[in-house]
Amino acid sequence: MNETSLRSQGWFGRTGKDGFIYRAWMKNQGIPDEEFRGKPVIGICNTWSELTPCNAHFRELAESVKKGVIAAGGFPVEFPVMSLGETLIKPTAMLYRNLASMDVEESIRANPVDGVVLLCGCDKTTPSLVMGACSVNVPTIVVSGGPMLTGKYEGKNISTSDVWRFNDAVRSGQMTQEELTVAEACMCRSRGHCAVMGTASTMACMVESLGLTLPTNAAIPAADSRRKVLAQYSGKRIVEMVKEDLKLSDILTREAFENAIMINAAIGGSTNFVIHLLAIAGRIGVELELQDFDKLSFGIPLLANLQPSGKYFMEDFYYAGGLPAVMKELDGKLHDTAITANGRKLKENYSDAEIYNPDVITDTDHPFKNETGLAVIRGNLCPDGAVLKPSAASSHLMNHTGKAIVFENIEDYHARIDDPALDVDENSILVLKNVGPVGYPGMPEVGNMALPKKLLDKGVTDLVRISDGRMSGTGFGTVVLHVSPEAAKGGPLALVENGDLITLDVEKRSLELKVAGDILEKRKAAWKPAHNMQTRGYVQLYQQHVCQAHLGADLDFLTGGSGSTVTRDSH
Ligand code: FES
């Protein structure tokens, strides 16, 4: 790289009226000429927002990145993008993942940046930023915000997975509303994202596994000073990446995606990993399909004893050796020559790693569980596939036949789930329709439906549940998710009726609706599409263009990229 080859010089290195305009308005911020002329300009893409509590510390993190950029001879410019706070956004943050990715893509391409640092934290902020950046493909490094410290309640360690347990406890009368209010304050007691291996932590591990971060990024707690150190080093490193012209497409090879899938299996990552990784692969142009997740996960034992599949928390994971220690255990399986953001091969990043606490990170000879991360299920109920997380499921339900209790939509579920007259028992299978990408719209995390109160009262803790929706990465249970095609598009899920027999056989990876073909044909002929299609705005665009879950639920016109060139650029 030399000064004139910098992308930013297409703005700041110009002569005449255009160059004057590009520079003059930067100078109103009190920036001297030499700061942005001839230096790598590094965009810090910030999802800070007080409405995204998991990312509320990102202004401070951005300051650490800036120090690193400046120290390495670059010029940092921070810019905001749409931030998706999982807990507050209605109807679901997933509805806006693709919109946020468009914001990121266009913001990067339209502006004079040579490289980008993506500040990601809460669930959707990671995939949306990576997707958008992939479609531009300039040198990019990711800095995650880090998990919260472990929650403490009545002498116990708690975090987001306990929300589901507390909810069941309140409904069955084992916990009072007052106790629940106390627990609220005990759970989120520091900055950072959810402290279990939920979706945010899974995403942080995903970007480290893909090679998009510096080593150890995934698990350093947000409140740990080493998080700021990593941010500062990342700021330094992105300047070098610009000089080396190390782009996302150089790092995000098919091998990198395969590594991420194997590592995700070993840590028991969220089912949402599937949908986001497929979307990222689509943006960078790597062939990846749903079946790859099962094929590549097969034979990888679960090594991380972390909630929701296990006992411990992200803070423990970091102290036990973090993601590099898991990678080292997978040595021989991983593509160890995959290049990573620091310019080193993956193996160079994990070869010195150690397991400091074998209760938290086990070795491959003594795995925490043999069930791997994700099973891809097929059958006449999900011809394009569905996913289930065996490590979070109940072994007695892995091969199960039961009668369907059908809910036509989420409102129907809420209205009837606790009806004493509901004909449900411990063998029933709960089926929820119309919570897919188009049907809800936005594919919310409602797939791990809470159990009927009358079964909770009997001590039942799990049922087979099937839907075209998603599940929170913090959730658990024998839950079949992402059924594709979805009910709202006329998939077989739409044809299930109360009392139908369904067989789930996880070992055979099959999900079968035991209804004769001629009966299903009649039901199909009588089926009518859902009536909640929107007629304006982004949601209309989304419903018209969103792909099905097995393709990553991106918008069809966003697949691939447009590069970093701006052709019409005169004032
Ligand atoms: Fe943000 Fe869980 S709510 S990571």
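Only a predicted model underlies this, so the values are computations on that prediction, with no experimental measurement involved. All ligand and atom numbering here is 1-based and tracks the order in the structure.
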**OP:** Sorted by first residue and then second, give each salt bridge (Lys or Arg N to Asp or Glu O under 4.0 Å) pair with at least one member in residues 461-477; sequence neighbours left out.
**Re:** Glu445-Arg470, Asp462-Arg465
Original post:
Any side-chain hydrogen bond (donor to acceptor under 3.5 Å, both in side chains) pairs touching residues 187-197, not counting sequence neighbours?
Top reply: Glu60-Arg191
**OP:** Give every protein N, O or S atom lying under 2.8 Å from atom 2 (Fe) of ligand 1, naming each by residue and atom.
**Re:** Cys194 SG
**OP:** Could you go through the ring-ring contact (aromatic ring centres under 6.0 Å, His included) check for Tyr153 and Phe166 one step at a time?
**Re:** CA-CA 12 Å; Tyr153 172 65; Phe166 291 154; 5.8 Å; yes
**OP:** Only counting residues at least two apart or in another chain, list the ones meeting salt bridge (Lys or Arg N to Asp or Glu O under 4.0 Å) with Glu86.
**Re:** Lys124
Original post:
Between Tyr440 and Leu95, is any pair of side-chain heavy atoms under 4.5 Å apart?
Top reply: no
**OP:** Would you please say whether a donor-acceptor pair under 3.5 Å links the side chains of Glu78 and Asn46?
**Re:** yes
